[in-house]
Each structure stands twice: as structure tokens, then as C-alpha cells.
Amino acid sequence: MAELKVPFFKASIGKEEEDAVLKVLRSGWLTTGKEAAAFEKEFAEKINVPYAFAVNSNTSGMILAMEACGVKKGNAVITTPYTFVSTATSACHLGAEVYFADTEKETYSISPDSIRKILESPEGKNVAAIVPVHIGGNVCNMEKITALAKQYNVKVIEDCAHSFPSKTSSGYAGALGDCGVFSFYATKTITTGEGGMITVKDENIAGRISTMRLHGMNRDAWDRYTSPKASWEYDIVAPGYKSNLPDILAALGRVQLSRACEFYEKRKVHAQKYNRAFKDFDFIKLPPDLQGNAWHLYLMRLDLTKLKCSRDVFAKELQNLGIGISVHFIPLFHFTYWKNRYPEFTAENFPNAQQHYIETISIPLWPDMTDEMTDYVIECVKKTGEKYHA
């Protein structure tokens with residue numbers, strides 16, 4: 001494989017981020033404290049929700065949100081197979097079943113019609129929550145999904161790993177359901193290296209998450225060591241988890257949050273440049289660009305009827321030319337665990353998800369890309385398309 005000329009992603013980290021982290025390192029307080037609390041407050045204000053909880057990953061956040069929304073052994077969640085594995089395995093960790101709904105044909109989003117079919121089936125009575133996944137920066141049809149949730153009295157937990165700062169006419173992703181769970185992994189629109197955030201509307205759900213986030217303890221570390229009350233005096237009120245975000249990472253997140261709009265505008269410029277070039281290539285279908293698209297990913301869709309090669313061959317060719325690529329996502333029905341758990345869970349049952357998978361390549365899209373980089377990606381896509389054109 002050629003040396004990468006254009007990496008798939010590179011985080012935008014500057015002096016302000018470095019200074020913020022160094023300030024925490026020199027403060028003597030490294031774990032969850034006032035920086036994490038400030039990050040939560042600022043994020044909640046940005047999304048326009050009353051509660052936000054900083055956590056060590058989207059996965060931890062998903063488990064906490066599901067648990068607080070009543071997901072447990074004996075019930076189930078509905079989500080899409082077109083997602084990263086943790087969306088579904090979070091429910092498994094709580095002992096729940098997972099029911100899968102296909103994606104929409106023209107987008108990567110979970111299909112409300114497919115959700116409805118599950119809710120109307122005999123298994124629908126077991127559903128505790130719907131977990132829509134906002135893929136690539138686009139937002140699912142939350143108006144229809146929340147209407148279904150209200151009709152069938154189930155919770156909605158948005159997987160917002162790709163969708164900050166996505167905003168529709170109804171509000172920000174993460175404020176449209178009962179909970180939203182964000183990711184600040186290294187490749188996300190803002191990063192803390194590892195980390196995430198849960199956004200919540202309901203006071204009772206928020207209270208449960210607050211307790212379960214740190215061992216089921218009734219006091220957090222910052223309170224224990226800064227309050228006049230004895231630091232050793234606390235109670236364990238539930239069998240909780242260890243999911244808190246330390247101040248070192250929260251300080252980085254606060255700076256990244258302040259730059260989120262800057263990052264978005266830069267990604268959007270690159271995405272529009274791709275669109276202008278690719279609209280003239282008959283072997284490419286432009287990615288969906290729905291209201292509020294955060295352009296976290298550029299999901300380049302191949303029209304395989306125009307090519308004499310598969311997506312895998314096309315992707316390998318780009319890699320050989322020095323382009324960093326990825327695939328979002330390998331649908332869960334391709335993985336051994338899910339095949340073993342649900343033998344009936346096959347590609348034939350989810351034709352839209354399977355079609356998206358076999359025709360999609362994620363190409364570089366990050367704020368600090370240069371014009372030369374995007375030009376080179378376009379050149380390589382054109383060259384590969386011409387080489388394999390049918």
C-alpha cells in the first residue's frame with residue numbers, strides 16, 4: 001500500500017487545546033471536577049437541554065441512557081443494523097434483546113416504516129426504547145420516530161455519535177428524543193481523544209444517570225474532596241458503573257466545543273467541493289444531504305452498474321494511491337456474534353442496509369484538509385472510476 005498522501009482523518013488540535021490541558025495538569029486535580037462540570041453545562045446550553053453528563057465513551061453513555069430509560073432483561077430495543085456494534089451490544093450488556101429495523105432506501109437512516117412493523121408485531125410489546133442512529137451527520141426522521149414512540153409508550157435514545165452539531169427545524173440532534181448520546185472519539189467532529197456526553201430532558205432519567213455513572217455513589221469525587229463534609233462519607237445506592245470523564249479530557253473538550261462551528265464550516269466547504277466534482281461522475285451517487293447535516297463523514301456511494309469492479313476493489317485502489325478510506329458501516333448481520341445470536345438475521349432481511357454497505361466508501365473529510373488534498377482525492381476517484389468504468 002502506498003504511503004498516505006491524504007489521511008482519512010486528523011484532529012484539529014492547536015495551542016488553545018494544549019494550554020487548556022496543561023492548565024489542568026498543573027492544577028493538581030486530574031479526575032472529574034470543575035472542568036467536566038463546566039463542559040457539561042456548556043454542552044447542555046449548546047444543545048438546549050436541561051441536563052448533560054460527560055462520560056468516558058459513547059458506549060458507556062449508551063449503557064447508562066438505556067438503563068435509566070428502563071432497558072433490562074425481558075425487554076428489547078429497536079435499532080438499525082447499519083451502525084457501529086456498540087449501539088446494539090449496549091442493550092445486550094443490560095440483558096435485553098435487540099430488534100433490527102432496515103434503513104431507508106435513499107438514506108442511511110433507520111426506516112420509521114420498518115420500526116412501525118416491529119412495534120405492531122407480537123414482539124412489539126417487549127420494546128422499551130427505539131435507538132435511531134444519525135449517520136454521517138444526517139439526522140433521522142425524528143418527527144415520525146418520536147410519534148411512534150409516543151403512540152407505543154416507549155423511550156427514544158438518539159445515537160448522536162456522528163451528529164454534532166446537527167440542527168433541524170425541531171432542534172439539535174440529542175434534544176429530539178428522551179436522551180442523546182454523543183461521541184468525542186479521536187475521529188469525531190469534536191474530540192476529547194476518548195469520551196462522550198449524554199443529553200437528557202427528564203429529571204428522573206437524569207437523576208438515575210447521575211447515580212449510575214460513578215459506582216452508584218451518592219456523591220462525586222469533586223464534591224467529596226471540596227465539600228466541608230468529610231470526604232470519606234458517602235453511600236452506595238445502586239450497583240453503578242465507572243463511566244466518568246476526567247478533567248484533562250473535559251478541558252480539551254471545552255476548547256473543541258468552542259470551535260465546533262468553525263470545524264463544521266470547514267468540513268462543509270470540502271464536502272461541497274466533492275459534490276461539485278462528483279455530480280459529473282456517472283459512477284457516483286451523491287450522499288444524502290438532509291436538513292441539519294453536520295458533514296461528519298463523506299459517504300461516497302458508487303453506482304456499481306457503471307463499474308466493472310466491486311466497492312472493495314475500488315477502495316483498495318484508492319488506498320494504493322495514498323488515500324485514507326474507511327467503510328461506515330459493516331452491517332451487524334455480517335459479524336459472527338450476531339449470526340450466532342440471531343441466525344435469522346441475514347442480509348436478505350435488510351436489503352437497504354446491505355445495498356448501502358456494498359456501494360459506500362468513506363473518503364477523507366476533516367477541517368484542516370488543504371485544497372491540494374481534496375483535489376488529489378477527486379483526481380484519484382476520477383482515475384479509479386475511469387479505470388474500472390463499465
Side-chain angles (χ1 to χ4, degrees), residues 1-14 82 84 107-108 135-138 161-164 166 185-191 259-290 293-330 355-390:
M1 187 184 301
E3 181 181 349
L4 281 182
K5 295 183 179 179
V6 185
F8 177 66
F9 186 83
K10 185 178 180 182
S12 297
I13 302 293
Y82 205 85
F84 187 63
T107 77
Y108 296 84
I135 294 173
N138 281 306
H162 289 188
S163 58
F164 183 76
S166 301
Y185 181 65
T187 60
K188 296 303 190 285
T189 57
I190 65 171
T191 185
R259 301 179 65 196
C261 290
E262 168 201 337
F263 294 158
Y264 163 70
E265 292 297 338
K266 289 180 177 180
R267 290 193 307 275
K268 186 176 177 181
V269 167
H270 299 315
Q272 290 176 337
K273 187 174 180 179
Y274 283 150
N275 280 346
R276 286 194 297 271
F278 295 158
K279 69 180 175 60
D280 296 324
F281 299 173
D282 68 353
F283 57 90
I284 289 180
K285 308 172 189 177
L286 296 185
D289 184 13
L290 308 178
N293 188 1
W295 286 112
H296 166 51
L297 298 173
Y298 194 91
L299 300 168
M300 187 178 75
R301 309 167 76 182
L302 302 177
D303 184 344
L304 297 176
T305 66
K306 306 290 187 182
L307 296 168
K308 296 181 290 188
C309 71
S310 67
R311 183 278 315 277
D312 291 357
V313 170
F314 200 105
K316 187 68 173 177
E317 190 79 15
L318 293 181
Q319 288 180 306
N320 288 337
L321 291 167
I323 305 296
I325 60 94
S326 189
V327 171
H328 296 83
F329 288 99
I330 303 172
Q355 188 64 31
H356 292 323
Y357 167 56
I358 65 173
E359 68 184 15
T360 299
I361 304 170
S362 297
I363 59 174
L365 181 64
W366 38 281
D368 296 337
M369 289 178 68
T370 64
D371 286 339
E372 291 75 19
M373 288 178 176
T374 51
D375 288 341
Y376 185 69
V377 173
I378 292 166
E379 176 190 336
C380 291
V381 169
K382 182 182 181 188
K383 183 185 300 185
T384 304
E386 290 173 347
K387 178 178 179 178
Y388 292 104
H389 203 280

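From a predicted model like this one, the values you see are computed outputs, not experimental measurements.
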Item checked: Asn138 and Thr107: CA distance, side-chain angles, deciding distance, side-chain contact (heavy atoms from CB on, under 4.5 Å) verdict -> CA-CA 9 Å; Asn138 281 306; Thr107 77; over 6 Å; no
Check: Which is it for Asp312 and Val327 under the side-chain contact (heavy atoms from CB on, under 4.5 Å) test, yes or no, and what are the steps along the way?
Finding: CA-CA 10 Å; Asp312 291 357; Val327 171; 5.9 Å; no
Next item on the list: Give the intermediate values and the outcome of side-chain contact (heavy atoms from CB on, under 4.5 Å) for residues Met373 and Thr370.
Entry: CA-CA 5 Å; Met373 288 178 176; Thr370 64; 3.2 Å; yes
Note to self: Using the rule given for side-chain contact (heavy atoms from CB on, under 4.5 Å), can you reason through Phe314 versus Met300, listing the C-alpha separation, both sets of side-chain angles and the distance that settles it, and then say yes or no?
What the structure shows: CA-CA 11 Å; Phe314 200 105; Met300 187 178 75; 3.9 Å; yes
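Residue Tyr185 qualifies as open at atom OH: its count of foreign heavy atoms under 6.0 Å is 12 or below. Crowding of Lys266 atom NZ: a count of heavy atoms from other residues, nucleotides or ligands under 6.0 Å exceeding 12.
Once rounded to the nearest 0.5 Å, the distance linking OG1 of Thr187 with NE2 of His296 reads 5.0 Å. The distance from the CG atom of Leu286 to the OH atom of Tyr298 is 5.0 Å, given to the nearest 0.5 Å. Atom NE2 of residue His389 and atom CZ of residue Phe283 lie 7.0 Å apart, to the nearest 0.5 angstrom. Taking CD1 of Ile190 as the start and OH of Tyr264 as the end, the distance is 15.5 Å to the nearest 0.5 Å. Residue Ile323 holds its CD1 atom at 6.5 Å from CG of Leu318, rounded to the nearest 0.5 Å. A distance of 11.5 Å separates OG of Ser12 from CE of Met369, quoted to the nearest 0.5 Å.
Between Ile325 and Gln319 the shortest heavy-atom distance is CG1-CG, 3.6 Å. Shown here for Gly136 and Asn293, the closest heavy-atom pair between the two residues is O-OD1, 3.9 Å. Taking each heavy atom of Leu304 and Cys309 in turn, the nearest pair found is CD2-O, 3.8 Å. Closest approach of Gly385 and Leu307 over heavy atoms only: O-CD2, 4.0 Å. Of all the heavy atoms in Lys382 and Phe281, the pair that sits closest is CB-CZ, 3.7 Å. Of all the heavy atoms in Tyr274 and Pro364, the pair that sits closest is OH-O, 2.7 Å.
A donor-acceptor pair is defined here as one N or O able to donate and one able to accept, closer than 3.5 Å; no such pair exists between the side chain of Arg267 and the backbone of Leu365.
For Tyr108 and His162, the distance between ring centers is not under 6.0 angstrom.
Contact check for Pro287 versus Asn275: side-chain heavy atoms found under the 4.5 Å cut-off. Two residues are said to be in side-chain contact when any heavy atoms from C-beta on lie closer than 4.5 Å; Arg311 and Tyr357 meet this criterion. Taking the side chain as every heavy atom from C-beta outward, Ser310 and Val313 approach each other to under 4.5 Å. Using a 4.5 Å heavy-atom cutoff, the side chains of Ser362 and Phe9 are not in contact. Residues Ile378 and Phe278 meet the side-chain proximity criterion, which asks for heavy atoms closer than 4.5 Å. Contact annotation: the side chain of Thr189 never approaches that of Trp295 to less than 4.5 Å [non-hydrogen atoms, C-beta and beyond]. Between Asp371 and Lys273, the closest side-chain pair of non-hydrogen atoms falls below 4.5 Å. Two residues are said to be in side-chain contact when any heavy atoms from C-beta on lie closer than 4.5 Å; Val6 and Ile363 fail this criterion.
Applying the salt bridge (Lys or Arg N to Asp or Glu O under 4.0 Å) definition to pairs two or more places apart or across chains, those involving residues 358-367 are Lys285-Glu359, Arg301-Glu359.
Partners of Tyr388 under the ring-ring contact (aromatic ring centres under 6.0 Å, His included) rule, at least two apart in sequence or in another chain, do not exist in this structure.
Using bins of under 30°, 30° to 60° and over 60° for the plane-to-plane angle, the ring pair Phe8/His328 lands in the parallel bin.
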